[in-house]
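Each residue takes its place number in the sequence, starting with 1.
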Amino acid sequence: MNRLKYSLEDQAIYTIPTNMGVDNVAFDATGGFEIQQRVLKELGYPEVKTLEDYENVLRTYYEKHPTIDGQPTIPLTLNADDWKIMITVTNPAFQATGGPDDGEYYINPETYEAVLHYKRPEEKEYFRWLNKMYNEGLLDKDTFVQKDDQYKSKIASGRVLGLIDQEWNYGEAENALKSSNGGDKTYAHFSVSLNKDIVDHTFQPTGFDGYGIGITTSAKDPVRIIKFMDWLASDEGQVLRNWGVEGQHYQVENGKRIIPADVQDRKTNDNSAFTKESGVGMYNIFSARYGDGVKDATDNYYTTNFPEQIQAGYTAAEKETLKAYGITTWKDFYPSEEDLKLKDWGAAYNMPVPSDTDYNVTFQKTQDIVRKRIPEAILAKPENFDSVYDGLLAELDKAGAVEMEKQYTVWIKERVALWTGKDVK
C-alpha cells in the first residue's frame with residue numbers, strides 16, 4: 001500500500017494498479033547482446049560472456065563470410081533513430097557494466113545518490129569498445145544515420161550477425177526471417193559484460209511499483225470504465241486476451257490449456273500476422289493483467305509465457321542452440337532474481353517529476369547533449385576518444401547536470417522513505 005501512495009506530502013492513491021503485480025515472473029530473456037544462431041553453430045557454440053568474447057565471435061564469422069546472399073555482411077548494427085538510441089546504444093552501457101535499469105541515472109544502492117550513468121568510468125570503457133568496433137569496421141557505418149525501417153530491413157535481410165537490442169524493437173524483422181525459412185538467422189540472447197567480474201543486474205527485482213491506470217476527471221462515464229476494467233481483470237478477460245478462443249486458439253486436455261501445433265507454428269513463425277488476425281496478446285499493454293507466472297483457479301497460467309510454453313515457442317534453430325549450451329531458456333545465461341537484492345526505490349525511470357521545477361528543462365538539455373556527443377565519441381578516431389568523451393561530461397555539468405542530479409537524489413530518497421519507512425537523510 002505504501003508503494004501506491006503518490007508522495008510523502010500527498011499520500012493519496014490516484015491510480016488502480018493494473019499492469020501486473022508482485023507475483024509476476026520473467027521466465028525468459030528477450031534482450032541483451034544477440035548473435036545469429038547460424039553464427040554460433042558454425043563456430044562450435046563458443047563461450048560468450050564478455051565484450052571481447054562477443055567481438056571475437058562477430059569478427060571470426062565476418063572474416064569467413066564477408067558477404068551474405070551477395071550483400072555485404074554487417075557484423076553489428078544499432079538503432080539510433082530518435083529515442084531508440086537509448087535502447088540499443090546508451091542503455092547497454094549500464095547493462096554491460098553491472099548497473100540496473102534506472103533510466104538515465106545510476107543510483108548508489110548504499111547512499112541513494114543519483115548521477116547520470118554516463119559518468120561512471122566503466123561506462124566510458126563500454127563506449128570506448130563501441131569506438132573500437134566502429135574503427136575496425138565491425139560496427140555498421142550507417143548506425144547513426146539510418147532510420148528505424150532501414151534498421152529492420154537490414155535485419156530482415158539476414159546479413160546482420162549481431163544486435164544489442166530488445167525483441168520488441170526488432171521482433172517484426174525477426175518474424176520476417178522466421179516466415180521465410182530463415183530460422184537459423186534469428187538471434188540468441190546473451191548476458192555480456194565488460195569483464196567476467198561484473199554481475200549483470202538485468203533481472204534485479206524492483207518490487208511492485210504502483211504503476212496503473214487512472215480515470216480523468218472529465219470522463220463521461222467513469223462507472224462504465226471501471227466495469228470494463230473489472231472485466232479485463234476477470235478470468236474470462238484474462239484467458240481471452242492471453243490465450244484466445246477455446247477450440248480455435250487453444251484446447252483443454254486433462255484440465256490443462258494446450259495450444260495446438262498448427263496454432264503454435266503460426267505464433268512462432270508468423271506472429272505479427274497471427275496477432276493482428278486473432279487479437280491474442282494485442283491488448284496487454286497498459287491494461288489489467290496478472291502477468292507471467294500467476295495461475296488461475298484451474299491451475300493454469302493466465303498467460304502463455306511460462307517455461308514449457310516458452311520452450312515450445314522456440315524455433316528449431318533456437319532449440320538447437322539452447323541444447324548446445326545446456327540451457328532451457330535464454331534467461332539461464334543471466335544471474336537470477338534470487339541472487340540480486342530488491343531495489344528499495346523500484347525503478348527510477350518511472351519517478352514522477354513535479355511540474356513546478358525547472359528539472360525537465362535541464363533534463364532535456366542533457367539529453368540533447370548525450371544524443372549528440374555519444375555518437376561523436378563512438379565515431380571519433382581512437383586517439384581522440386578520451387577528449388570527446390571528457391568533453392561530453394564537462395558539457396553535461398555546464399548544462400546543469402550536477403544540480404539536476406542533486407534534485408533527483410532528493411526524490412529518490414523521498415520515495416525510499418515513503419516505500420520502506422527508512423529514515424533516509
Side-chain angles (χ1 to χ4, degrees), residues 26 28-40 48-51 53-55 57-58 61-62 73-97 99-101 103-104 117 123 126-127 129-130 133-134 138-178 182-194 200-203 271-272 285 314-315 317-318 321 329-331 333-334 349 370-371 374-375 378:
D28 201 9
T30 57
F33 288 68
E34 288 86 20
I35 301 176
Q36 282 186 338
Q37 318 291 344
R38 63 173 175 178
V39 173
L40 297 166
V48 183
K49 292 185 177 181
T50 67
L51 292 176
D53 295 336
Y54 183 75
E55 175 186 336
V57 169
L58 299 184
Y61 193 89
Y62 176 53
T73 301
I74 301 174
L76 173 65
T77 192
L78 306 175
N79 185 357
D81 188 8
D82 198 22
W83 63 272
K84 289 188 175 181
I85 189 173
M86 293 187 292
I87 308 303
T88 79
V89 179
T90 60
N91 284 5
F94 60 71
Q95 293 163 347
T97 55
D101 188 355
E104 291 297 281
H117 67 81
E123 291 199 27
Y126 176 80
F127 291 115
W129 174 75
L130 282 181
M133 293 288 284
Y134 176 79
L138 297 178
L139 175 61
D140 186 2
K141 62 180 177 60
D142 295 329
T143 285
F144 295 107
V145 294
Q146 65 186 348
K147 297 298 183 182
D148 187 66
D149 59 344
Q150 294 172 309
Y151 171 77
K152 292 178 181 176
S153 178
K154 288 177 180 177
I155 295 171
S157 73
R159 62 193 179 102
V160 179
L161 309 182
L163 304 171
I164 306 173
D165 203 349
Q166 302 292 319
E167 273 187 11
W168 57 260
N169 192 27
Y170 69 84
E172 183 181 359
E174 189 175 49
N175 285 336
L177 289 170
K178 293 176 182 179
D184 63 343
K185 299 174 186 176
T186 59
Y187 298 90
H189 301 280
F190 290 92
S191 165
V192 172
S193 299
L194 191 64
D200 189 315
H201 279 62
T202 294
F203 289 102
N271 185 260
S272 294
I285 302 299
Y314 287 137
T315 64
E318 286 178 304
T321 300
T329 70
W330 304 120
K331 189 183 177 184
F333 278 132
Y334 291 74
Y349 55 74
V370 165
R371 295 188 186 187
I374 288 293
I378 294 171

ask   = Taking side chain as C-beta onward, heavy atoms only, is Glu104 less than 4.5 Å from Met86?
value = yes
message: Which label fits Tyr126 and Trp129: parallel for a plane angle under 30°, tilted from 30 to 60°, or perpendicular past 60°?
response: tilted
dist Thr321:OG1 -> Tyr314:OH (nearest 0.5 Å) comes out at 11.0 Å
Shortest non-hydrogen pair, Ala80 vs Phe144, comes out as CB-CD2, 3.6 Å
Output for pair (Lys147 NZ, Ser153 OG), nearest 0.5 Å, gives 15.5 Å
Worksheet item: Is there a side-chain contact between Asp81 and Tyr151, using heavy atoms and a 4.5 Å cut-off?
Response: no
Applying side-chain hydrogen bond (donor to acceptor under 3.5 Å, both in side chains) to Thr50 and not counting sequence neighbours gives Asp53
Given 3.5 Å as the limit, does a donor-acceptor pair link the side chain of Gln36 with the main chain of Gly158, or not? yes
Output for pair (Tyr134 OH, Ile378 CD1), nearest 0.5 Å, gives 10.5 Å
Contacts of Gln95 meeting side-chain hydrogen bond (donor to acceptor under 3.5 Å, both in side chains) (sequence neighbours excluded), chain-then-number -> none
**Asked** Can you check whether Ile35 reaches Val57 side chain to side chain, under 4.5 Å on heavy atoms?
**Response** yes
Correct closest heavy-atom pair for Leu177 and Ile155 would be CD1-O, 3.5 Å
Would you say that Arg371 contacts Thr90 through its side chain, given a criterion of any heavy-atom pair below 4.5 Å between the two side chains?
no
Relative to the ring of His189, is the ring of Tyr170 parallel (under 30°), tilted (30 to 60°) or perpendicular (over 60°)? tilted
In terms of heavy-atom contacts, Tyr54 and Leu163 come closest through OH-O, 2.9 Å
Heavy-atom closest pair (Ser191 atom, Phe333 atom, distance to 0.1 Å) is CB-O, 3.6 Å
So CG of Asn169 and OG1 of Thr88: to nearest 0.5 Å the spacing works out to 7.0 Å
Side-chain donor/acceptor of Asp82 to backbone N/O of Lys84, under 3.5 Å
no
Sequence neighbours excluded, the answer for side-chain hydrogen bond (donor to acceptor under 3.5 Å, both in side chains) partners of Tyr187 is none
Q: Test side chain to side chain contact (heavy atoms under 4.5 Å, CB included) on Ile74 and Val160 and set out the steps.
A: CA-CA 5 Å; Ile74 301 174; Val160 179; 4.2 Å; yes
Sequence neighbours excluded, the answer for salt bridge (charged side-chain N to carboxylate O under 4.0 Å, His left out) partners of Arg38 is none
Residues Phe127 and Ala93: closest non-hydrogen pair is CZ-CB, 3.5 Å
Rounded to the nearest 0.5 angstrom, the CG-CD1 distance for Asn91 and Ile85 is 10.5 Å
> Trp168 versus Ile87: any side-chain heavy-atom pair under 4.5 Å?
Replying inline: yes
Using a 6.0 Å cut-off, check whether atom NZ of Lys49 has over 12 heavy atoms from anything other than its own residue.
no
OH (Tyr334) and CZ (Phe190) are apart, to the nearest 0.5 Å, by 9.5 Å
Quick note, salt bridge (charged side-chain N to carboxylate O under 4.0 Å, His left out) partners involving residues 151-165, not counting sequence neighbours, are Asp140-Lys154, Asp142-Lys154, Asp148-Lys152, Lys152-Glu172
Residue set satisfying side-chain hydrogen bond (donor to acceptor under 3.5 Å, both in side chains) with His201, at least two apart, ordered chain then number -> none
Tightest non-hydrogen contact, residues Ala317 and Gly183, listed as CB-O, 3.5 Å
Q. Are a donor atom and an acceptor atom from the side chains of Thr77 and Gln146 found within less than 3.5 Å of each other?
A. yes
